[in-house]
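Residue numbers begin at 1 in each chain, while the letters A, B, ... track the order of the sequences.
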Amino acid sequence: MSDLTNLTLKAAVDGLKAKTFSSQELTQAFLTNIEAANPTLNAYVEITADKALDMAKASDTRIAAGEGGALEGAPLGIKDLFCTEGVQTTAGSNMLRGFVPPYESTVTANLWRDGAVMLGKLNMDEFAMGSSNETSAFGPVVNPWKSKGSNAELTPGGSSGGSASAVAADLCLAATASDTGGSIRQPAAFTGTVGIKPTYGRASRFGMVAFASSLDQAGPITRTVEDAALMLRSMCSFDVKDSTSLDVPTPDWTQSVGQSVKGLRIGVPAEYVVDGMPEEVSKIWAQGIEWLKDAGCEIVHVSLPHTKYALPTYYIVAPAEASSNLARYDGMRFGHRADKATSLTDLYETSRAEGFGAEVKRRLVIGAYVLSAGFYDAYYVRALKVRRRIAEDFDKVWGQVDAILTPSTPSSAFALGDKQIDPVTMYLNDVFTVTANLAGLPGISVPAGLDANGLPLGLQVIGKALDEATVFQVGAALEKAAGGVGRAERWW
Amino acid sequence: MAIDAATVRKVAHLARIKTPDDRLEPLAGELNTIMAWIDQLNEVDVEGVEPMTSNVAQALRLRDDVVTDGDRVEAVLSNAPQSADGFYVVPKVVE
């Protein structure tokens, strides 16, 4: 029955409802895949097999009774950043190893309400800080895709690398992910999957381990645009437990998938041409423009003049917020506590030095630096002002266009270990995705084609705040025109 | 402005991260690379621009000042490195 595992989420939900197969069969098929693949791909940090089979059994009972929610019986993977009641949640950090939340995040609670089944917790960069999954305390995740003629292990991207790898390698139907600067869209692009970051405030951040609160937003990684629409709808809700949650209705975005894009105005921003971008990325972008033209869109050349300042702005704002959010990890109430300490301050300092990895420490030091007396105005306040400039760029463009088309990433997946030497080189991976986070806008990455090495490349559609409908509509048109990029060949 | 080892020591202390002496210079190097890259923000004219602290187009929602949760001592302490009698236990910090 292993073929069940390459179904789309939509097909699986339909098949379950029609009783073509049971959730227990489907869940067992995924558990078998995980058992075989995980020692190589390292996508899961915890496999909750017993819980999954229990949940599947309950789903089968509901389906037999003619009941069940929108995702009834569908086995999903959960990024280890979402607190799951009674199941270890570590955010990829030794600091939280052994932490078992006594509560459930709102996003996962919504998924269980709709009948989804949890297969386990997915690997990620530590506290979501990274673009290659190499900062995880559980080791890097391996991308199921390989370059033609090379055996080198590639990164699935980060920080939702475990989510992307698991979806691409048939280790779950779909996965939750989170995006602070591109952590859903970049790994989706690297693995030939679909990833959407909705408008900031659409999905509750309650129970998500916080990195940078004004940027973090949950979203799904899936195999198709329709699957993304289906799953995002379940994930989103108004939540009184998150003061930034938006009190707006959640539309049925699956209705937007397949709708004609004729007459839509699509912006192509001049500033997204960056130095050193591979020819093939420009080519796929040009191809995307052609596809949308053929589908009846009007292409409008637009300018987002502050684009080049988005990443440096991000690397002030995000570490500053992280230094505040991660102050709670002091060895006192939860997480790692150092054994031997000579004083209270020494206990804090040693616990944090032992618990956090190098990249997290680097960003916490940057955060403390830019917030410290003497630099607060020069760095932090200035970055917040530039952030407004970046958001205003988009506001001006929305008068002229309905959505914006860009590449998702400046390259295809790179080899593990390739970019670890220089942090700035690693940070540049998020050059196309980070503006949407700073402005709070929805953005989707859709697989668009393969490069000369046979590796997936993605196209990104950015939309107006709360206009995921157009983002799905355009994303689905691109997906249809691209005709799929195929699946990674099984070598694991 | 270049960041030196002494600055790193001070900031690492502010961040409450113990940093061995032999890490100070390398960390200073990394931070200088990152901050030099960030310095391009000085090119942007931000005269008269209000800092953007939130990208949600709504006022911060307030709730009624009432108890909504509580009496969950066991749950609260369930992840404490050490606890006793319904309290967190921390090492002795006052001589």
Side-chain angles (χ1 to χ4, degrees), chain A residues 98-103 200-201 214 240 243-244 246-247 306 308-309 312-313 315-316 323 327 330-337 341 343-350 352-353 356 361-362 364-369 372 379 381-389 391 422-424 438-440 465, chain B residues 1 3 7-8 10-20 23 27 30-31 33-58 60-63 68-69 72 74-83 88-95:
Chain A
F99 175 70
V100 179
Y103 53 87
Y200 179 85
S214 80
V240 291
S243 65
T244 56
L246 295 170
D247 190 2
H306 295 90
K308 73 174 269 209
Y309 303 109
T313 299
Y315 277 95
I316 298 280
S323 79
D330 60 2
M332 289 298 162
R333 287 160 298 163
F334 42 72
H336 175 74
R337 179 187 287 177
S343 66
L344 183 60
T345 305
D346 189 52
L347 177 63
Y348 294 151
E349 293 194 341
T350 310
R352 288 164 65 81
F356 292 134
K361 285 191 245 191
R362 181 155 55 211
L364 293 179
V365 170
I366 292 171
Y369 180 71
S372 65
Y379 285 119
V381 176
R382 171 167 284 268
L384 293 182
K385 290 178 178 179
V386 179
R387 181 176 182 182
R388 185 172 299 281
R389 285 281 196 222
D422 175 15
V424 174
L438 290 168
Chain B
M1 198 200 81
I3 300 167
T7 309
V8 175
K10 183 181 152 225
V11 176
H13 176 65
L14 290 174
R16 296 289 184 266
I17 295 172
K18 181 171 264 185
T19 309
R23 271 296 292 154
L27 203 49
E30 288 165 23
L31 294 193
T33 309
I34 295 165
M35 295 316 289
W37 172 68
I38 282 170
D39 272 340
Q40 56 181 304
L41 292 184
N42 291 324
E43 298 165 14
V44 185
D45 177 13
V46 291
E47 193 57 41
V49 178
E50 271 294 298
M52 182 171 169
T53 49
S54 158
N55 53 26
V56 182
Q58 68 173 18
L60 198 62
R61 205 175 43 251
L62 301 176
R63 66 165 176 83
T68 57
D69 197 1
R72 299 178 61 188
E74 233 170 86
V76 169
L77 291 174
S78 64
N79 284 286
Q82 232 188 315
S83 68
Y88 289 97
V89 173
V90 299
K92 185 177 169 188
V93 292
V94 180
E95 288 305 322

Rounded distance [0.5 Å steps], CG in B:D45 versus NE2 in A:H306: 8.0 Å
Non-hydrogen atoms of chain B under 4.5 Å away: do they reach the side chain of A:S372, the backbone, both or neither? side chain
Relative to chain B, which segment of A:S323 carries a heavy atom at a distance below 4.5 Å: side chain, backbone, both, or neither? neither
Most contacts with chain B, counted as non-hydrogen pairs under 4.5 angstrom, among A:V100, A:L364, A:L347, A:L438: A:V100
Engaged part of B:V76 at the chain A interface, taking heavy atoms whose separation is under 4.5 Å: neither
In terms of heavy-atom proximity below 4.5 Å to chain A, should B:R63 be classed as side chain, backbone, both, or neither? neither
Polar side-chain atom of A:R337 near backbone of B:A80 as donor-acceptor pair, under 3.5 Å: no
Given the options A:D330, A:D346, A:D422, which has more heavy-atom pairs under 4.5 Å with chain B than any of the others? A:D346
I need the minimum non-hydrogen distance between B:V46 and A:R389, along with the two atoms involved. CA-NH2, 4.4 Å
If you count heavy-atom pairs under 4.5 Å with chain B, which of A:A353, A:P101, A:A341 comes out on top? A:A353
How far apart are the closest heavy atoms of B:A12 and A:V365, and which atoms are they? CA-CG2, 4.4 Å
What part of B:L41 gets within 4.5 angstrom of chain A, counting heavy atoms only: side chain, backbone, both, or neither? both
Atom pair OH/CG of A:Y309 and B:N42 - distance to nearest 0.5 Å: 10.0 Å
Check whether any side-chain heavy atom of B:L31 lies under 4.5 Å from a side-chain heavy atom of A:Y369, and answer yes or no. no
Search all heavy atoms of A:F334 against all heavy atoms of B:P81 and return the closest pair with its distance. N-CD, 3.8 Å
Give a yes or no on whether B:E43 atom CD has more than 12 heavy-atom contacts from other residues, nucleotides or ligands under 6.0 Å away. yes
Has B:N79 got a side-chain atom pairing as donor or acceptor with A:G335's backbone, closer than 3.5 angstrom? no
Return the minimal non-hydrogen interatomic distance between B:M52 and A:R388, and the atom names on each side. CA-NH2, 3.4 Å
Using a cut-off of under 4.5 Å on heavy-atom pairs, state which of B:I34, B:T68, B:T33 scores highest against chain A. B:I34
What distance do A:K361 atom NZ and B:K18 atom NZ have between them, rounded to the nearest 0.5 Å? 11.5 Å
Do you know the tightest heavy-atom contact between B:M35 and A:I316? CE-CD1, 4.3 Å
With no hydrogens and no angle check, is any side-chain donor or acceptor of A:R352 less than 3.5 Å from a backbone partner on B:A15? yes
Which atoms form the tightest heavy-atom contact between B:Y88 and A:M332, and what is the distance? CD2-O, 3.9 Å
B:S54 versus chain A, the contacting section by heavy-atom distance below 4.5 Å: neither
Part of B:R72 lying under 4.5 Å from any heavy atom of chain A: side chain
Which atoms of A:V424 come close to chain B, meaning under 4.5 Å heavy atom to heavy atom: side chain ones, backbone ones, both, or neither? side chain
For B:N55, does its backbone N or O pair with a side-chain atom of A:R387 as donor and acceptor, under 3.5 Å? no
Which region of A:A439, side chain (C-beta onward) or backbone (N, CA, C, O), has a non-hydrogen atom less than 4.5 Å from a non-hydrogen atom of chain B, or is it both or neither? backbone
